[in-house]
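What follows is a single structure, written as structure tokens, with notes after it.
What you see below is based on every heavy atom in this structure, not just the backbone, and it leaves out hydrogens, waters and symmetry mates. Just so it is clear: chains get the letters A, B, ... in the order the sequence lines come, proteins before strands, and each one is counted from 1.
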4 protein chains.
Amino acid sequence: MGRTPPSRRRGRPREAGLDRRILQAALDQLAALGFERMSLEAVAAQAGVTKPTLYRRWKSKADLATAALRMLQQSTFPPPTGNARQDVIANLREFQACLLRPNGMRMIGTLLVEEQRLPGLMRLFRERIVKTRRAALRRILADAVKRGELDKRADIEAALNCMVGAYYARYLAQGKFPADWPERTAGVALDGLPWRQ
Amino acid sequence: MGRTPPSRRRGRPREAGLDRRILQAALDQLAALGFERMSLEAVAAQAGVTKPTLYRRWKSKADLATAALRMLQQSTFPPPTGNARQDVIANLREFQACLLRPNGMRMIGTLLVEEQRLPGLMRLFRERIVKTRRAALRRILADAVKRGELDKRADIEAALNCMVGAYYARYLAQGKFPADWPERTAGVALDGLPWRQ
Amino acid sequence: MGRTPPSRRRGRPREAGLDRRILQAALDQLAALGFERMSLEAVAAQAGVTKPTLYRRWKSKADLATAALRMLQQSTFPPPTGNARQDVIANLREFQACLLRPNGMRMIGTLLVEEQRLPGLMRLFRERIVKTRRAALRRILADAVKRGELDKRADIEAALNCMVGAYYARYLAQGKFPADWPERTAGVALDGLPWRQ
Amino acid sequence: MGRTPPSRRRGRPREAGLDRRILQAALDQLAALGFERMSLEAVAAQAGVTKPTLYRRWKSKADLATAALRMLQQSTFPPPTGNARQDVIANLREFQACLLRPNGMRMIGTLLVEEQRLPGLMRLFRERIVKTRRAALRRILADAVKRGELDKRADIEAALNCMVGAYYARYLAQGKFPADWPERTAGVALDGLPWRQ
DNA sequence: AATGAATGAGCGTTCATTCAT
DNA sequence: AATGAATGAACGCTCATTCAT
């Protein structure tokens, strides 16, 4: 039976796990210091290699940073329970944890600062991170529509932005979140304010 | 009661209006390039002075940047009409204009990136810019409460964050705003979603 | 008398024509950029191989450059007609064409710059290129002596240097040659200046 | 009568003689190593300053090299005696001394190598060094024309190139000069070869 | 024999900051 | 008060060379 495995790759093989180590080091620095202060010297040192090793893999600092950003883990969201409100709150709670991680917001800062010079960073972040979370939230509300709990004409996009955005706004205004922020945010975004009649 | 006559300052007086010119140049660069890429050489050149002139006034690049940020103009908000919904929308429309200005979001990125190293920047921004806008919005809703249109228990803070935050979230997700974004945002934050029954 | 049968070379044979391709690439770069700016990376790339392939054949960049210089084509000179003056002019005309080729003089510059560090380059150039042309010119004049047209005591070496050198001098002074430069140069070197009486 | 000396220059004065020291260091390296191997680090070290000090004065390595070349001393030629032949020989003897100086020919090599990338170097050399020597030689022969010793139609330019060029040619062919090279060169360039009849 | 990976050293340039007038 | 000069430290990037397959 035994098929010969496909012919060995030619040349000296790359040191195992090195790409990962480099990218992790780069991501660490990018998140901790921003693009400008991230230094290839330090990235190489932290990964235990020399600078030309970086250049063999990526053709510039910008390229390395982009590749590093690709490592950013997408969140794994709690499975939906079918209760729209509870699911939204669980999602927001997880979101809150992300933002409170060290460097959680700084990476977003880097994207904003470098948006003109390195548009690829923002693009990547949108496709990898933002899109995913929004899809999860959108799904929760779309299911509620399907179940007939929510009117078809609901402005789900606007609600999404309100919910997620409440965190950004709160961070910029206060820098920290009260324990019941998911509930309060969901409360407003889903039900609005208590107008009298 | 003898008022002391304003004693002549000794030594050569500072050139008039120079502080302003320097700070404006610094703010320009800070907004356009971020803190790290803002260069004192360039700031001095743009202001028509030399670097030690900057150091005579501020003791470091960080200090200068902080002082420059203090120049950021606070928005002037449209006067309230008494119609809460209209007033909110008008405010958000003005907010949208700010964010769409060149460098509108980049300055926020700088604050986030430098938050640890230069906490003063964020603090200042919160006090000068964020607080002001939030106060204006809060006032609109508080007036609605006073007039009895809105229940006292309304979570005004959460609603504020939803409204303002919807812009940040939308920017991060899309980078631009549809024309009716103020209405849509206000719609969700004030009324919530159209639940059945 | 038993001839040894040509023993099979052991191991993988070298790829045919590869030496040539590498040397041609090296010569191109040497002529176009000089020794210092000639990069082994680029030479390898142009030849379609990798750098260690170069090092298997030559032990250093200097060695490769020297080997490459050996590829420089010696000129083929017009056959002598027996008319010394015409033959000299024809030779100089061909010389002029060489110098006007792109990189014609730059290679000579490289030799001069690297003379101390890589004496082999200059030595090789002298033996391969300079000697050949001078021999051709010398032959023309020696034949004239043989034919009795030129006195035996003629300082042929000095005349040689005048003729060839007039080109170098003109290049350094002007960078280009008038169309009748061979005639003018031959005129002076063969006949001198028109002194009165 | 003491007039007030013109107002002091503003700012910290440049360290005395520093320009000179830097340029001399640069010229040393340029002549000894060529443009490519001349390193700003080493130039600064040799001059006892730091690299940014170089950049305050010249905006790039190319600029510094050009400025350094400007330091090259033009030769001072022996005063003409009125005897054309003797004067030519004296001039050539001095020329020979220049070329035999350490790095004498290497600088010319640098000019040739960098002619495309730094055309300013060659231009400068032509204007400063080449032109001067040629003018001196041309003057000698022009005077001979004036005195009626030499026919007006003499091709002085060609003779000039023969004389000066004989040195370049000889250097490229042999690397050294016999003691009577000035006489031999002048002999051919002024009188031509001894044709019979 | 040839490959692709890795290294150590060095380069030109820029910056925030301080010094000496 | 303002200037022009100088510094020390870094940075992104490239190169000739060697290693491991």
Side-chain angles (χ1 to χ4, degrees), chain A residues 8-16 18-19 36-44 48-62 64, chain B residues 9-15 18 36-44 48-64, chain C residues 9-15 18 36-44 48-62 64, chain D residues 8-16 18-19 36-44 48-64:
Chain A
R8 289 279 190 75
R9 296 275 175 68
R10 288 187 306 174
R12 174 174 174 176
R14 293 203 171 174
E15 206 168 293
L18 217 153
D19 284 51
E36 197 64 28
R37 262 195 290 267
M38 153 186 166
S39 121
L40 298 194
E41 186 90 46
V43 168
V49 298
T50 59
K51 283 184 283 178
T53 300
L54 309 186
Y55 279 91
R56 167 161 293 272
R57 289 163 163 79
W58 302 278
K59 73 180 207 298
S60 68
K61 181 183 179 179
L64 170 56
Chain B
R9 295 276 172 66
R10 280 178 301 177
R12 171 173 171 183
R14 293 196 174 177
E15 198 172 304
L18 212 140
E36 196 63 28
R37 260 193 290 268
M38 151 186 168
S39 124
L40 296 195
E41 187 85 49
V43 168
V49 299
T50 60
K51 286 186 283 177
T53 300
L54 310 187
Y55 279 92
R56 173 158 294 271
R57 289 163 162 79
W58 302 278
K59 72 178 211 297
S60 68
K61 180 181 179 182
D63 261 33
L64 169 57
Chain C
R9 295 276 172 66
R10 279 177 304 176
R12 171 174 171 183
R14 293 196 174 177
E15 197 172 306
L18 212 138
E36 196 63 28
R37 260 194 290 270
M38 151 185 168
S39 124
L40 297 195
E41 187 84 49
V43 169
V49 299
T50 61
K51 284 185 283 177
T53 300
L54 310 186
Y55 279 91
R56 174 158 292 271
R57 290 164 161 79
W58 302 278
K59 73 178 211 296
S60 68
K61 180 180 178 182
L64 169 57
Chain D
R8 288 279 189 76
R9 295 276 175 68
R10 286 187 306 173
R12 174 174 173 177
R14 293 204 172 176
E15 205 169 293
L18 217 153
D19 284 52
E36 196 64 28
R37 261 195 291 267
M38 152 186 167
S39 120
L40 298 194
E41 187 90 47
V43 168
V49 299
T50 58
K51 284 187 281 179
T53 299
L54 309 187
Y55 279 91
R56 167 160 293 272
R57 289 164 163 79
W58 303 278
K59 72 181 208 297
S60 68
K61 181 182 180 179
D63 261 33
L64 169 57

Which one is paired to dA1(F), where only Watson-Crick or G-U wobble pairs with both distances under 3.5 angstrom count?
none

Figure out the CH2/C1' separation between Trp58(C) and dT18(F), and round it to whole Å.
18 Å

Here the distance between atom C1' of dA5(F) and atom CG of Leu54(D), to the nearest Å, is 13 Å

Assert: residue with more 5' nearest nucleotide on DNA chain E, out of Leu18(A) and Lys59(B), is Leu18(A)

For dA16(E), which nucleotide is its Watson-Crick or G-U wobble mate, given both distances must be under 3.5 Å?
dT7(F)

As a test of reading the structure: which of dT18(E), dG4(F), dA6(E) is closest to the side chain of Tyr55(B), going by heavy atoms?
dT18(E)

OP1 or OP2 of dA1(F) under 4.0 Å from side-chain N/O of Arg56(B):
yes

Spacing of Asp19(A) atom CG relative to dA5(E) atom C1', expressed in whole Å
11 Å

Can you find an N or O donor on one side and an acceptor on the other, under 3.5 Å apart, linking the side chain of Lys51(C) with the base of dT17(F)?
yes

Kindly say if Ser60(A) contacts the phosphate of dG12(F), meaning a side-chain N or O under 4.0 Å from OP1 or OP2.
no

Taking atom CG of Leu54(C) and atom CG of Leu18(C), what is their separation to the nearest 0.5 Å?
9.0 Å

Working to the nearest 0.5 Å, report the span between OH of Tyr55(C) and OG1 of Thr50(C).
12.0 Å

Sorted by position of nearest nucleotide on DNA chain E, 5' first, the leading residue of Val49(C) and Pro52(A) is Val49(C)

Return the nearest nucleotide to the side chain of Arg57(A); candidates are dG4(F), dA6(E), dT3(F).
dA6(E)

Once you round it to whole Å, what is the distance between P of dA16(E) and CD of Glu36(B)?
8 Å

Yes or no on side chain to side chain contact (heavy atoms under 4.5 Å, CB included) for Leu64(C) and Met38(C), after CA distance, side-chain angles and deciding distance?
CA-CA 11 Å; Leu64(C) 169 57; Met38(C) 151 185 168; 4.0 Å; yes

Closest contact, heavy atoms only, Asp19(D) versus Arg14(D):
OD2-NH1, 3.7 Å

Quick one: is dG10(E) close enough that its OP1 or OP2 comes under 4.0 Å of any side-chain N or O from Ser39(D)?
no

Separation of Arg12(D) atom CZ from dG4(F) atom C1', in whole Å?
9 Å

Taking only the side-chain heavy atoms of Lys61(D) (C-beta and beyond), determine which of dT13(E), dA2(F), dT14(F) contains the nearest atom.
dT13(E)

Figure out the CG/P separation between Leu40(B) and dT18(E), and round it to whole Å.
11 Å

Residue met sooner reading DNA chain F from 5', once Arg37(C) and Gly11(D) are mapped to nucleotides:
Gly11(D)

Residue met sooner reading DNA chain F from 5', once Glu41(D) and Glu15(D) are mapped to nucleotides
Glu15(D)

Can you tell me the distance, in whole Å, between the CZ atom of Arg10(D) and the C1' atom of dA2(F)?
7 Å

Here the pair of heavy atoms bringing Lys51(C) nearest to Glu41(C) is NZ-OE1, 3.0 Å

For dT7(E), does OP1 or OP2 lie under 4.0 Å from any side-chain N or O of Thr50(A)?
yes

